[in-house]
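Everything on this sheet refers to the single structure shown next.
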Amino acid sequence: MGTPAPVGKLDTLVSLCKRRGFIFQSSEIYGGINGFWDYGPLGCELKSNIRQSWWQSMVRLREDVVGLDATIIMHPAAWKASGHLDTFSDPMCTCKSCKKLMRADQTWEMLADNELGASLTELHANGQPDSGRVEGWCNGRGKGLAPGLAAVRNPDAVLAAVGTRLAGTAFRNFVSLLASENPAALVQPCPHCGGELTEPRPFNLMFKTIVGPVEDPANVAYLRPETAQSIFAQFLNVITTSRQSVPFGIAQVGKSFRNEVTPRNFTFRSREFEQMELEFFIRPDEAIELICGRVATLADNPDLSAPQENWGWQVWHKYWVEQRLAWYRRIGLPDASLVQYWQEPKELAHYARACVDIQYAFPFGVQELEGIAARSDFDLTQHQKHSGKTMEVFDEPLKLAAAKLDEAARAAFADKVAAEWAGRGKSADDARAFVAKLFEGRYIPHVIEPSAGVDRLALALLCNAYAEEPVTDDKGKTETRVVLRFSPRIAPVKVAVFPLMKNKPELYAKAREIFGQLQRRWNCFWDESGAIGRRYRRMDEAGTPFCVTIDFQTLEDGTVTLRDRDTMKQERLSVAALKEKLDDSLI
RNA sequence: GCGGGCGUAGUUCAAUGGUAGAACUCCAGCCUUCCAAGCUGGUCACACGGGUUCGAUUCCCGUCGCCCGCUCCA
């Protein structure tokens with residue numbers, strides 16, 4: 001086997017994807033459209049195999065996960081509840097000097113976090129800036145830190161104009177005075193260079209559309225930016241019809257849409273993309289404690305091979321991380337190419353308790369394939385608030401466990417939970433109301449969310465599979481063989497079938513017969529044209545793991561040759577043995 | 001959205017103010033008893049739209065797309 005050559009530049013892969021029919025630019029005959037990609041004959045098989053493998057492992061092989069296939073367009077209120085309507089339309093500013101783009105509501109925060117901000121804070125001296133120092137700063141250090149700041153570009157005029165107003169003023173006002181050519185109209189400075197920011201402009205990260213024939217603001221709806229929300233919105237229907245109870249999960253695969261600022265890196269960041277999401281609902285830790293007496297955490301070093309009754313959210317979260325990593329290994333991504341990135345507490349969304357990114361080392365950098373978040377009961381709570389429908393479940397074991405406690409034990413438990421919640425900055429009253437519900441066997445489930453991108457994974461599999469290797473023929477001529485070493489389980493075409501020669505009718509007929517048999521079980525490819533070696537190489541570029549050739553010996557003893565993509569070795573075996581071998585490799 | 005670079009067959013590259021050329025690929029035929037062989041023939045391109053010009057693939061403008069950087073990434 002030759003040395004796998006990593007895809008150094010994405011261009012080579014993009015070119016192969018087009019040449020072999022994996023991925024095309026959307027609407028290419030019209031010049032293409034930025035951020036949208038189509039999957040050709042091989043690409044759609046690859047994606048289909050990814051989806052099927054995911055579904056198999058997440059739904060079919062489990063008894064505690066069921067499926068859902070919801071619409072892309074939902075009631076707009078769902079997006080209000082989820083928070084997307086607000087967070088996906090953040091006003092953005094551009095700096096007129098350095099041209100950087102940033103969220104308008106974060107500029108002060110960014111300033112507070114950087115060197116420029118620190119330097120200005122020092123200069124501000126709690127509202128008692130020294131005018132000499134300010135002037136010195138503008139002529140000195142400020143030139144490096146804030147080349148765009150008005151007071152740096154033009155210190156004499158600006159400092160004269162603001163005069164004594166610098167003293168005794170608040171920090172933001174102080175900075176704004178330095179940032180403005182016109183002290184009457186204060187501007188907010190760019191946190192990067194001190195330059196003038198444009199007025200905040202709205203950015204719409206969700207695609208809008210109109211439902212119904214009348215184009216009226218009341219009819220605005222959105223293409224979903226994630227599939228997860230429909231799972232939460234259908235939570236009650238699924239739980240009442242599926243005979244599942246917490247802990248259990250709802251899985252969904254489907255398209256999502258985000259009006260990305262910058263689609264980049266081939267299909268990696270697309271505006272239309274496909275997600276594979278699981279929302280796995282679990283009991284709140286407090287319920288586990290009532291039922292089991294104690295909550296298992298990672299500190300207990302739990303065995304993660306099979307779920308246990310006493311697992312708290314932390315263990316469930318870790319369990320899903322391990323499950324997902326095992327799946328990536330199974331479909332052919334080596335451990336060495338995967339990175340587990342545990343988000344720092346300050347990076348987490350406010351409702352998230354933990355989030356792990358599973359990242360892959362793409363040619364353009366280590367980037368996220370999947371995020372596994374512990375989202376507490378945030379989502380269901382939001383939908384409960386906005387829809388007015390209760391998202392509480394009734395948990396019989398919990399009610400029975402609570403019934404065994406006497407008044408004193410209940411009070412002690414309530415006190416303990418109230419104290420814990422207070423420690424996390426939550427209201428003690430809420431904690432007591434929550435505990436009262438728990439004693440009735442009721443709670444809003446918490447959720448662990450493994451959310452993966454189909455397109456990103458397809459790209460990772462392509463990058464991982466791509467290899468170039470030198471091949472020397474009998475005459476000593478060396479050429480480069482391009483081969484996609486997909487795991488057979490996700491390879492778009494499993495078996496290619498070739499008659500050794502096409503102008504021998506008996507050979508041809510036998511080959512067609514065998515092709516017909518294999519075709520019923522696997523995605524097969526028929527190729528009768530060109531030299532046999534050429535046909536093998538074509539299949540190498542498509543990533544087809546096996547090629548079966550029917551030759552004259554087949555007519556005599558019924559055996560065929562099976563050629564292995566990776567080793568290029570051949571073995572001769574009967575058709576029955578061939579099927580068995582393929583079964584072993586492909587299922 | 002901003003700045004820079006780029007845009008010629010499927011791919012990789014030429015040439016040109018006067019109707020675009022090659023290699024490989026692809027297709028067909030012949031040949032061929034296992035790794036891109038050979039022979040013959042064939043298909044396929046100046047991203048799109050304006051402008052200048054007798055004439056534009058070439059010069060100019062705009063749009064779109066791709067790449068790089070900034071930015072965004074619940």
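In the text below, chain A, chain B and the rest are named by the order of the sequence lines, each starting its count at 1. All heavy atoms count here, side chains included; hydrogens, waters and symmetry mates do not.
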Rounding to the closest angstrom, what is the interatomic distance between B:G29 and B:A47 at atom P?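 It comes out at 34 Å once rounded to the nearest Å.
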For B:A22 and B:A45, measure between their P atoms and round to the nearest Å.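 Per the computed distance, 14 Å lies between those P atoms.
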Strictly below 4.0 Å: does [X] bring a side-chain N or O up to OP1 or OP2 of [N]?
X	N	result
A:Lys502	B:C31	no
A:Asn503	B:C31	yes
A:Asn34	B:C64	no

Now, which nucleotide makes the Watson-Crick or G-U wobble pair with B:G38, with each of the two distances under 3.5 Å?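 Result: B:C30.
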Can you tell me the Watson-Crick or wobble partner of B:G7, both distances under 3.5 angstrom?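 Partner of B:G7: B:C64.
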Going by modelled atom types, is there a donor-acceptor pair between the base of B:G1 and the side chain of A:Thr262 at under 3.5 Å?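 A donor-acceptor contact between them is present.
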Readout for nucleotides 33-49 of chain B: B = base within 4.0 Å of protein heavy atom, S = sugar-phosphate only, - = neither; 5' to 3' it is BBBBB------------
Enter the distance from A:Ile23:CD1 to A:Cys44:SG here, rounded to the nearest 0.5 Å.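 These two atoms lie 11.0 Å from each other.
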From A:Thr554 OG1 over to A:Leu507 CG, what is the distance, rounded to the nearest 0.5 angstrom?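 One finds 7.0 Å between OG1 of A:Thr554 and CG of A:Leu507.
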Within 45° cone of A:Phe273 ring axis and under 6.0 Å: A:Arg271 NZ or CZ: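 No; the conditions do not both hold, so A:Arg271 does not lie above the ring face of A:Phe273.
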Ring pair (Phe, Tyr, Trp, His ring centres under 6.0 Å) partners of A:Trp342, counting only residues at least two apart: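 Per chain and number, A:Trp342 pairs via ring pair (Phe, Tyr, Trp, His ring centres under 6.0 Å) with A:His317.
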Over how many whole Å does the gap from [X] atom [atom1] to [N] atom [atom2] extend?
X	N	atom1	atom2	value
A:Glu528	B:C26	CD	P	14 Å
A:Leu13	B:U12	CG	P	13 Å
A:Arg264	B:C68	CZ	P	6 Å
A:Met206	B:C72	CE	C1'	16 Å

Using a 4.0 Å heavy-atom cut-off, does A:Tyr351 contact any base of the nucleic acid, only the sugar-phosphate backbone, or nothing at all?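 Result for A:Tyr351 = sugar-phosphate.
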For A:Phe266, report the nucleic acid contact type (base, sugar-phosphate, nothing); a contact means any heavy atom under 4.0 Å.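 Sugar-phosphate: the residue A:Phe266, judged by heavy atoms under 4.0 Å, touches backbone atoms but no base.
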Going by distance alone, is a donor N or O of one side chain under 3.5 Å from an acceptor N or O of the other, for A:Thr559 and A:Ser574?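 Short answer, no.
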